[in-house]
Each structure stands twice: as C-alpha cells, then as structure tokens.
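Just dropping this structure here.
All values below come from the heavy atoms of this structure, side chains included, with hydrogens, waters and symmetry mates left out. Positions are given from 1 along the sequence.
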Amino acid sequence: QVQLVESGGGLVQAGGSLRLSCAASGTIFSINAMGWYRQAPGKQRELVASVTSSSSTNYAVAVKGRFTISMDNAKNTVYLQMNSLKPEDTAVYYCNAGIRRRSFLRTDNYWGQGTQVTVSS
C-alpha cells in the first residue's frame, strides 16, 4: 500500500508565502513524477505544478514565477514553495504521484487527502 501525506497548508495574507510538503510512504519501487493540483469551490481540479524524478518541471501559467516545485528522491517527498500568494490561489491543494510499487508492476496514480490553502486580501 502507498500513502501520500501532505502538510503545510494554512491561512496567509496576500503577498505572503507558504511551503507545502508531501511525503510518499509504503511499498515503493520507484516514483516517476510527483505534482500538486488544486481545487477551488465550484471549480474543477487543476494542475499547479509537477516534477519528474529527473527534475523536469512543469507549471501552470497562473503560478509560473511565483511557485517552485522540487522533489527529494531520497525522501520520496515533493515540496511546493508558494510566494507572492494571491486570493485566487485559495483552494484545497492535492498531492499526486505516479508510483511503481514493484519492478514488475505498472505505474499507478496516487492522491493525498488534500490541504487547505487560504489567502486573505
């Protein structure tokens, strides 16, 4: 079994910063990529940023230049540093990972439970 545990959400004023963490644990052979998605009330879940095990990154246009994603392969942990936060960044942020539990198994998609980020104006 695999678990993704997120931490670091909270309430911050506009212009402030937060750092989200997500640690994967359990039976893990390899992690192909990890990422962060977010879902605001009444909206669809959207990709915020992703990073591969070779450190290739991808960002949503809305966060490019403000957010930085990184992954510690040794700790199976992904981080999202969020700077210059805006009220429109308010959402539940979900961690996502493509994980292969055994060498002979396919890569499966896993989700964390979500962490609330609220940015006040």
- Around atom CD of Q3, are there more than 12 heavy atoms of other residues, nucleotides or ligands at under 6.0 Å?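 12 or below, so no.
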
- Task: Calculate, to the nearest 0.5 Å, the distance between atoms CG and CD belonging to L20 and Q81 respectively.
- Result: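 Nearest 0.5 Å value for the CG-CD distance: 9.0 Å.
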
- Quick one: are L47 and N58 in side-chain contact, heavy atoms under 4.5 Å?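 With C-beta onward as the side chain, the pair touches.
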
- Flag the pair R101 / V2 as yes when at least one side-chain heavy-atom distance between them is below 4.5 Å, and no otherwise.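 Yes, close enough: below the 4.5 Å cut-off.
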
- Task: Classify the side-chain pair S54/S56 by whether it contains a donor and acceptor separated by less than 3.5 Å.
- Result: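 No donor-acceptor contact under 3.5 Å links the two side chains.
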
- Are Y79 and V12 linked, directly or through other ILVMFWY residues, by side chains that come within less than 4.5 angstrom of each other?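 Hydrophobic grouping puts Y79 apart from V12.
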
- For the atom pair CZ (R19) and CG (L80), what is the distance rounded to the nearest 0.5 Å?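 So the CZ of R19 and the CG of L80 are separated by 10.0 Å.
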
- Task: Please name all residues satisfying side chain to side chain donor-acceptor pair (under 3.5 Å) with D108, sequence neighbours left out, ordered by chain then number.
- Result: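 With neighbours one apart ignored, the set is R106.
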
- Keeping to residues at least two apart or across chains, list the disulfide bond (SG atoms under 2.5 Å apart) pairs with something in residues 10-121.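 Only C22-C95 qualify under disulfide bond (SG atoms under 2.5 Å apart).
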
- Would you give the length of the straight line joining atom CZ of R100 to atom OG1 of T107, rounded to the nearest 0.5 angstrom?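 R100 atom CZ to T107 atom OG1 measures 4.5 Å (nearest 0.5 Å).
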
- Nearest non-hydrogen partners of V63 and V48, listed with the distance: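 Reported closest heavy-atom pair: CG2-O, 3.5 Å.
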
- Message: For Y94, does the six-membered ring have the charged nitrogen or CZ of R38 within the cation-pi criterion, i.e. under 6.0 angstrom from the centroid and within 45° of the normal?
- Response: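 No, R38 does not sit over the ring of Y94.
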
- Answer whether the closest heavy-atom distance between the side chains of T90 and V117 falls below 4.5 Å.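 They are not in contact (no side-chain heavy atoms under 4.5 Å apart), so the answer is no.
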
- Message: Are the side chains of Y110 and N96 in contact, using a 4.5 Å heavy-atom criterion?
- Response: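 No, their side chains stay 4.5 Å or more apart.
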
- Closest non-hydrogen atom pair, V92 against G114: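 For V92 and G114, the tightest heavy-atom pair comes out as CG1-CA, 3.9 Å.
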
- Message: Under a 3.5 Å cutoff, is there a donor and acceptor pairing between the side chains of T118 and Q116?
- Response: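 Indeed, the side chains of T118 and Q116 share at least one donor-acceptor pair under 3.5 Å.
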
- Any chance you could measure S121, atom OG, to Q13, atom CD, to the nearest 0.5 Å?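 Atom-to-atom, S121:OG and Q13:CD are 9.5 Å apart.
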
- Can a donor-acceptor pair be found between the side chains of R66 and Y59 at a distance below 3.5 Å?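 Their side chains do not contain a donor-acceptor pair, so the 3.5 Å distance test is not met.
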
- Query: Going by atom types alone, do D72 and T77 pair a side-chain donor with an acceptor below 3.5 Å?
  - Reply: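 No, no side-chain donor-acceptor pair sits under 3.5 Å.
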
- Task: Applying ring-ring contact (aromatic ring centres under 6.0 Å, His included), name anything that partners Y37, two or more places apart in sequence or on another chain.
- Result: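 Expected list: W111.
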
- Message: How long is the straight-line distance from CG of N76 back to CD1 of I31, given to the nearest 0.5 Å?
- Response: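 So the CD1 of I31 and the CG of N76 are separated by 3.5 Å.
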
- So how far is it from K64 NZ to T57 OG1, rounded to the nearest 0.5 Å?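 Output value for this atom pair is 8.5 Å.
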
- For the student: nearest non-hydrogen atoms of L4 and M34, plus distance: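 Looking at all heavy atoms of both residues, the closest pair is CD2-CE, 4.4 Å.
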
- Message: Show the nearest heavy-atom pair for residues N73 and S53, with the distance to one decimal.
- Response: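 Answer, listing the atom of N73 first, then S53: ND2-O, 3.4 Å.
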
